[in-house]
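Right, one structure below, let's go through it.
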There are 2 protein chains.
Amino acid sequence: MTDTGRTERTVPPPPSEETGGGLSRRALFGLAGAGVALAGGGAAVGWAVGENASSTPATGVVPFRAVHQAGIATPAQDRLHFVALDLTTTDRVAVARLLARWATAAERMTAGEETAANGAVGGNPLAPPADTGEALGLPAASLTITVGFGGSFFDKLGLQDRRPPALAELPPFAGDNLDPARSGGDLCIQACSDDPQVAVHAVRNLARIGFGTTSVRWSQLGFGRTSSTSTAQTTPRNLFGFKDGTNNVKAEEPDQLDDHVWVQPGDGPDWMTGGTYLVARRIRMHIETWDRTSLQEQEQIVGRSKGEGNPLSGTAEFDVADLNARGADGEPAIATDAHIRLASHETLNGVRILRRGYNFVDGTDGRGRLDAGLFFIAFVRDPQTQFVPMQRVLAQQDPMMEYLQHTGSAMFACPPGLAGSDYWGSALLS
Amino acid sequence: MTDTGRTERTVPPPPSEETGGGLSRRALFGLAGAGVALAGGGAAVGWAVGENASSTPATGVVPFRAVHQAGIATPAQDRLHFVALDLTTTDRVAVARLLARWATAAERMTAGEETAANGAVGGNPLAPPADTGEALGLPAASLTITVGFGGSFFDKLGLQDRRPPALAELPPFAGDNLDPARSGGDLCIQACSDDPQVAVHAVRNLARIGFGTTSVRWSQLGFGRTSSTSTAQTTPRNLFGFKDGTNNVKAEEPDQLDDHVWVQPGDGPDWMTGGTYLVARRIRMHIETWDRTSLQEQEQIVGRSKGEGNPLSGTAEFDVADLNARGADGEPAIATDAHIRLASHETLNGVRILRRGYNFVDGTDGRGRLDAGLFFIAFVRDPQTQFVPMQRVLAQQDPMMEYLQHTGSAMFACPPGLAGSDYWGSALLS
C-alpha cells in the first residue's frame, strides 16, 4: 500500500468499536429529558424513552432507542446520505456481530458523540483512530440512522423462510430505466441530519466498521428534503419548483402511521412487527424540458398551483383537494390525469404512503445537462399493496412521467426500533 | 418532445430575463445597510455599497456589486454548487449579451429574489415561468455568484491577445489522474450559499439562461466548506478529519489579499485589475486507506494535531507553526515533509493562497468505496507563481499524496467586481 518505506503508517487490524456499550451521555440525557426515573443501567432503559422517535429535542438529539426506528416519522431533517451495502460473507454470526457494532456506534453518533469514546484522538497513537474525526466539534444535528435489509440479504444468509412476503421483488414499471449500479443492495443505511457533514460522517464510519463484512454498493447524497413529515414543518419544494408532500402522512397522525406505515402484528413474520418497508427510487428529472413547459401546463400536470401550492380546486395549500370540483369551463378543476389525483387515496382505494425524499444533483449527464432529480424514499406497511399499485398508475397514466426517469430502485425491510441491547434484526438473526 | 399530443405544453422561446435592471430590493437594502445616502438610481449606485463584498449582513444578503466579486473574500458559506460551461457559439456579441443577462439574474438572486420579478408564477400562464421556482420562499442565504473565464474562452472568441499570461495552462503534476469530463471549461460559475437549494437554484437558472449559448460541461456539489476565509469563522474539518485552512488568507487582511489574491495594476491586462484567478482541483481522497493509518502518522503527515489542530510545535490551533522547533527526541517537531511545512509561505518563498474548498461525496467508485474528497478551490493573484510552485512541491514531496488523487482540474480568470451596469467581462468584451 505504501512505496515510501513508511511501513509504520498502516497498523491493522481496524479499531475496535466494542466499547461504550453502557449508558451513553445521550441515553442519560434522553432519560432526563423524558422525565423517566433512572431505575437501572443497561438493557431495557432506552426502550422507555419514547413511543416512537418522532420528536427532536432542542438539543438536536433524536432518541435512538424507541418502539420504531428513528428517521421515519422523525420530522424530516434537511440533508441525507443514503448507502446500500452488499454482504461479503454468508456468515450469519459475523453479520449479527456487525449489526451489534453498528448499533453501538450509531447510538453514540446520534447523541453527538464519536463512534467510540475519544475515538478520533484518544487511545493508542500508534493505532488508527476509532473515529474518522470529521464530525469532531459538530452537534448531533438531529442525526438519525435507519437500517433495512434487502431481499438478497435473506438469500445470502439462508434466511429465505424468514423473508417477509411483502419484500417480494418490485415488478418492472413502464418507463423504468434502472441502473443496476444504483439499485438493490443487501442492506441499507439511511442517515439524515440537519448537517450533511454529520450524515456523511455517520455513513462513512458505519461502512468502515463493516469492512470485511460489507462493501458499499451505491450511495446517494440528498441536499434538501422534499417532504414534511410533521405538521410543524413547512412544505419544501422539489426541483420542478413545486411544494412536495403537502398531503404526506405526518408524525402527528399515529392512527395513519399504524394503518399505512408500521407493520402490524399478523402482517408477516413477527420480527418485523413495528417495522416498515423502505422503497427508494432514484428519479432523474428532465428539468430542462420541464422548464420549457408553460406555467399553466405545469400546474395542470401537478394539480396544484406553483406559488401557494393550493389544489386547483381550492385557494390555500392545505385545502383538501376536491376531486369533483369543476372550473368555470365545466372541466374538472383538478385534471383527470393530474398527479395529485392519480396519487390520491381516493383514487387508490385508500392507499397512503409516508414520503421522505430528497432533492439531488449528481454532476452532469455528459450531454450538457445537470444530472438532477428526486431521490424518492417512501415508508409503507406493505409495498405490494401500497407502493406497487400507486407506481403502476403513475407510470402508466401520469403526464409527469414525460419529465421523469426512474434510474435506481431498491427496497428494504426496516425492522422495528431497538430496545435495550437490541441491534437491528436481533429478533431475526438470534 | 411529447408523444401525448399535448402540444401546448411546450412554449418556446425561453423567457426573457431582461427586466429588473433598476434598483432591486437588494440594492436598496444594501445601500441602507451601508449607511450610504440614496443619491441616484441606476448606474453607479451599487459600486458604493462596499469596498469588497466580504461582509454578510444579518439578512444573509451579500452585496452583489462591489470592487471585487463576491464569493472570494466573502466568509465561506457552508454549501457550494460549481459548474463549468462550454460556449456553443463563437459570437462575441451573443456571449456579452448572455453575461449581461446573467448579471441581472444573479443580482436579483443574491438579493433573495427570483431571476425576474414574480418569475416563477407571474406573467403569462401560457408561457414557461422565467424562474424555475424551487427557491421560492427561501431567503438569500448568503448566496454569492462568482464567474470566471477559462483559457479556451479566449480561443473560441478570438480574444487570444487579451488572454492574461497568468492564465497559461497548468503543467501536469506528479500523480495527476485527470478526467477530461471533470476538467476545463470555457466559463465557470461558483455559487455559494448557506442553503444548498439556493445554490443549486442559482446555477440551474443561469445554465438555463445560457441555453443556446452555453452547455454544462461538468458540475460539482460541495456539501461542507473546508476553509475559513474570515477570522469570525471556526475552522471546519476535511474528510481526513483534520481542521483545514487555519492559516488561510482572511477577509480581515486587506494587505494580504492585495499581495496574494487581487490582481494589481500592471500585473496583466487592465480588464483583470481587481480580479483574481480561480484554480479548481477535484481531489479524491482515499479515505479507507487513510482510516487505517495510525493517529500519530496522520498527525505527522499533516504537521498538526487532529483534535485541537495545533501545529506540532505548539499547543493551540492558531499558534504560529515554528518550523525550527525540535521535540524531546531532537527531531523536528513538524516533520521535514509535513504538509503544513511544504505548503508554508516560509518554504515557498512567501507564497500564500486563499483557499475556499468544499468536501464532497459523489456516490461510489464502483469498487465498494465512497467517491469522496475535497473540491479544492483557491483564489490567487497569479497561479503561475503561487499555485504551480506550491502544487509542484506537494505533488513531489508530500506523503499525503499517497492518500489523494487529483481527478479534475480547471482554472479561470475571474474579472473584478461589477460596477453600475457592468456585467462579467464587460471591460474585456466591449
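These numbers come from the heavy atoms of this one structure, side chains and all, not from hydrogens, waters or symmetry mates. Below, read A as the first sequence line, B as the second, and so on, with proteins coming before strands; counting in each chain starts at 1.
If you tally non-hydrogen atom pairs under 4.5 Å between each of Gln197(A), Arg367(A), Gln298(A), Gln220(A) and chain B, the highest count goes to Gln197(A). For chain B, the option among Asn359(A), Asp365(A), Val200(A), Asp78(A) with the highest count of heavy-atom pairs below 4.5 Å is Val200(A). Chain B forms more heavy-atom pairs under 4.5 Å with one residue of Ala207(A), Ser215(A), Gly368(A) than with any other, namely Gly368(A). Of the residues considered (Asp86(B), Leu138(B), Val361(B), Val203(B)), Val361(B) shows the highest number of contacts with chain A, using heavy-atom pairs under 4.5 Å. Interface remark: of the candidates Thr88(B), Val121(B), Asn124(B), Val121(B) forms the most heavy-atom pairs closer than 4.5 Å to chain A. For chain B, the option among Leu221(A), Asp195(A), Asn118(A), Ile287(A) with the highest count of heavy-atom pairs below 4.5 Å is Ile287(A).
Contact between Ala76(B) and Ser227(B) at its shortest, heavy atoms only, is CB-O, 3.5 Å. Closest approach of Ser193(A) and Ala141(A) over heavy atoms only: OG-O, 2.7 Å. The two residues Ala174(A) and Ala395(A) come nearest to each other via the heavy atoms O-CB, 3.6 Å. Ala191(B) approaches Leu143(B) most closely through the heavy-atom pair CB-CD1, 4.3 Å.
Using a 4.0 Å cut-off between a side-chain N of Lys or Arg and a carboxylate O of Asp or Glu, Asp362(B) and Arg282(B) qualify as a salt bridge.
Both tests pass for Arg292(B) against the ring of Phe211(A): distance under 6.0 Å to the centre and angle within 45° of the axis.
Using a 4.5 Å cut-off between heavy atoms, His201(B) makes no contact with chain A at all. Heavy-atom distances place no part of Glu288(B) under 4.5 Å from chain A, backbone and side chain included. No part of Glu308(B) comes within reach of chain A, as not one of its non-hydrogen atoms sits under 4.5 angstrom from that chain. His81(A) touches chain B through its side chain: at least one heavy atom from C-beta onward sits under 4.5 Å away, while N, CA, C and O do not. Of the two parts of Arg182(A), neither the backbone nor the side chain holds a non-hydrogen atom closer than 4.5 Å to a non-hydrogen atom of chain B.
For the 3.5 Å distance criterion, the side chains of Thr407(B) and Arg284(B) fail to qualify, holding no donor opposite an acceptor. Between the side chains of Glu134(B) and Thr132(B), at least one donor N or O lies within less than 3.5 Å of an accepting N or O.
Aromatic pair Phe375(B)/Phe82(B): ring centres closer than 6.0 Å.
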Quiz prompt | salt bridge (charged side-chain N to carboxylate O under 4.0 Å, His left out) assessment of Arg217(B) paired with Asp186(B) | solution = CA-CA 9 Å; Arg217(B) 182 178 173 89; Asp186(B) 297 339; over 6 Å; no
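Note that CH2 of Trp218(B) is 10.0 Å distant from CG of Leu85(B), once rounded to the nearest 0.5 Å.
Residues of residues 236-245 of chain B that come within less than 4.5 angstrom of chain A, heavy atom to heavy atom, are Arg237(B), Asn238(B), Leu239(B), Phe240(B), Gly241(B) in numerical order.
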